Number of protein chains: 2
Amino acid sequence: MITIKDISKKCGVSPATVSKALNGYDDISPETAALVRRTAKELNYMPNAAARLLKTNRSHNIGVLFIDDSMSGLTHEYFSHILNSVKEESEENGYDITFISKNIGKQKMSFLQHCRYRNCDGVVIANVDFQNPEVLELVNSEYPVVTIDFSYDNASSVNSDNQEGSYTLASYIADRGHRKIALIHGERTLVTQKRISGFKTAMAERGIEIPPEYIAEATYHDVESVRKATAAMLDLDDPPTAIMFPDDYAFMGGRTEIIERGLNIPDDISVCGYDGVNLAKIIDPKLTTWEQNTDQLGRIAVDKLIEKIENPDTAIPEYIVVRGRMYKGETVKQI
Amino acid sequence: MITIKDISKKCGVSPATVSKALNGYDDISPETAALVRRTAKELNYMPNAAARLLKTNRSHNIGVLFIDDSMSGLTHEYFSHILNSVKEESEENGYDITFISKNIGKQKMSFLQHCRYRNCDGVVIANVDFQNPEVLELVNSEYPVVTIDFSYDNASSVNSDNQEGSYTLASYIADRGHRKIALIHGERTLVTQKRISGFKTAMAERGIEIPPEYIAEATYHDVESVRKATAAMLDLDDPPTAIMFPDDYAFMGGRTEIIERGLNIPDDISVCGYDGVNLAKIIDPKLTTWEQNTDQLGRIAVDKLIEKIENPDTAIPEYIVVRGRMYKGETVKQI
DNA sequence: CATTGTATCGAATACGTTTTCGTAGATTTA
DNA sequence: TAAATCTACGAAAACGTATTCGATACAATG
């Protein structure tokens, strides 16, 4: 490992001078600065992040808090896309990312402790139980925090337009002539509330009455639960002509149920999903859905976080909504 | 931030003693050791990883080198599962992971440089161009390295049983009466070579002649390329009765082509995929495929890497094969 | 010529640990 | 009882860097 000292020797200057030259201080003559930089390249010098961190208290490391249970968020397509853009935007700005978990080795530690241990400069939080005491502890700590799809009042948040998306899908279906529209939604999180609200607004605006049994709860990303909910819906005395599903992936459960009953999509029943993941576009017929802008969600979250990290005092909490867009697909029939 | 010194003051001992007590040295009396540990808990002490690293040269940080281009490996289900198990196994052993990329901020750096900058203790490499000079530079560096699905001779590797998997699928199809079996494979990587080899072995063992046009190249994970290859296959004068696809996801392209021609799976044509990702099990009919054991692949890679990190001298390179298993599905018809 | 100002650099310290080595006191041994 | 051995602890140095502040040399100014 080659250090600042090696460079100083080779250049005949002090380590202090090397450090300054490398960091662009202006009390170094242009000539020596150039010399230092040149030999640094020659020797293939890399600053030691740990030493630097120890002095500056800046790790250039962003903590990422995703769901910690069983199947990690990594395997959800929606979140793996967000993670990917978080990672890329971080790297483009000179930051690495570290997954924050509570079990690191035999040591059980809190999220906050993990952050401290790794000296994260800030944290992006997504897809967790936002009421979890440990998450709250982190949010209320000294750490800059940005949340995705949830909003605390002391931290910036980046939000997918769930109300809008759901509203638009519901409107689209209604405007293609449907009057008996059902919604199968996920667990009652904030995101879900907004989707339900968007759905109801669209219905209300058109004077469409939705009986309570047309709104059912299932579990996000859980094929089996959605299949059951779909079966129940189809078993109603007066079944809907269109069903909105909690997400594209879980829709596959409903799809199986529909197909196995010998029904055709969209001739016998219209459907739509949510997310706009790849899956929607490669199945047949292509699934009408709402494409969430995962790329922007991740990038903006990181941008806002870095803003806060680098200007802890001036940066104020923002509530940002990222617009998605409809993917029309082929699963909503005009009637 | 509370340090070792705070504890030392509160306990009336020296910082050295605190450090030793916390690290289980045996030249500390049980009483003081207990006292130190107790107050450490009380004060909610967390060691500073940077300072520790600076002294010990051990970061407890594992570099993860996944594909760096465009769409990251994160969005491939196979690799996101591996990544997930790499992450979990690392954490269970007290390590965090860091993505190794070449663009960190404005600084372009090599993979090796990035590792050095972050003081990784070792690196897991998967899903990259293994002949890339920068990857080779890393492999031939001082760093402990473990590769997944590729093998260098100076590093341990963990390999999915591609030959075996392909062989087993091909045999299964043949043993259900098929004689005209086609293989659409991915780019010619080592993995692909093994799959082709497994396929040919199974055919040869049964004395089945495979004409060259029954073996076609497409691109992994590329729905469109596979769709085209499928179309070409179906256009043959003497089309196959069964097609093996490069992976479950890309199979969806072939599936669309088949369905749009009014053919039925498996009545008119039998198919199988590869990977065993969730998708295979939620489509209808369920896709016959080979489940790669992503969980073990990731975990063993990390175990072997840590072994090497902690015993740099005694640990010798191993070539490890992880067995998958067949998922029978419903897409191969008995004829 | 004396003074002030400017440009360039280096000595020293600190960040929070780990680890070597020394030492004071207690205990055992001869 | 003197010497040898243990036990328990602390002083100090080191890891690689950033940064303050003083020092030096020289130019400019009056």
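These numbers were taken from a predicted model, which means no experiment stands behind them.
Note on A/Thr3: every side-chain N or O is 4.0 Å or more away from OP1 and OP2 of D/dG16.
Nucleotides of DNA chain C with any atom under 4.0 Å from a heavy atom of chain B span, from 5' to 3', C/dG16 to C/dC21.
B/Lys87 has no carboxylate O lying under 4.0 Å from a charged side-chain N of B/Glu92, or vice versa, which leaves the two without a salt bridge.
Among the atoms of the strands shown, base atoms are found under 4.0 Å from some heavy atom of A/Ser19. Within 4.0 Å (heavy atoms only), B/Thr56 reaches sugar-phosphate atoms of the nucleic acid but no base atom. Using a 4.0 Å heavy-atom cutoff across all strands shown, A/Pro47 reaches sugar-phosphate atoms only and no base atom. Within 4.0 Å of B/Asn57, counting heavy atoms only, lies no atom of the nucleic acid at all.
The closest donor-acceptor contact from the side chain of A/Asp121 to the backbone of A/His60 lies under 3.5 Å.
Closest heavy-atom contact between B/Met1 and A/Asn119: CE-OD1, 4.4 Å.
Taking atom CZ of residue B/Arg58 and atom C1' of nucleotide D/dC15, one finds them 16 Å apart after rounding to whole Å. Rounded to whole angstrom, the span from the CG atom of B/Asp27 across to the P atom of D/dA8 amounts to 9 Å. A straight line from CD1 of A/Ile4 to C1' of D/dA18 spans 8 Å, rounded to a whole angstrom. Rounded to an integer number of Å, the gap from CG of A/Asn23 to P of D/dG16 is 17 Å. Atoms CG (B/Asp26) and C1' (D/dT7) sit 11 Å apart, rounded to a whole Å. The distance from atom CZ of A/Arg52 to atom C1' of D/dC15 is 16 Å, rounded to the nearest whole Å.
In this pair, A/Phe79 and A/Phe66 present their aromatic rings perpendicular. The plane angle is above 60°, beyond the 30 to 60° band.
When only modelled atom types and interatomic distance are considered, A/Asp149 and A/Tyr78 share a side-chain donor-acceptor pair under 3.5 Å. Side-chain contact annotation: A/Thr98 with A/Asn61, donor-acceptor N/O pair under 3.5 Å present.
Both A/Asn48 and B/Ile28 lie near DNA chain D, and the one whose nearest nucleotide falls closer to the 5' end is B/Ile28.
Heavy atoms of other residues, nucleotides or ligands lying less than 6.0 angstrom from CZ of B/Arg58 number more than 12.
Taking only side-chain atoms of B/Lys20, from C-beta outward, the nucleotide of D/dC9, D/dC21, D/dG10 with the closest atom is D/dG10. Counting only heavy atoms from C-beta on, B/Thr17 has its side chain closest to D/dC9 among D/dT19, D/dT17, D/dC9.
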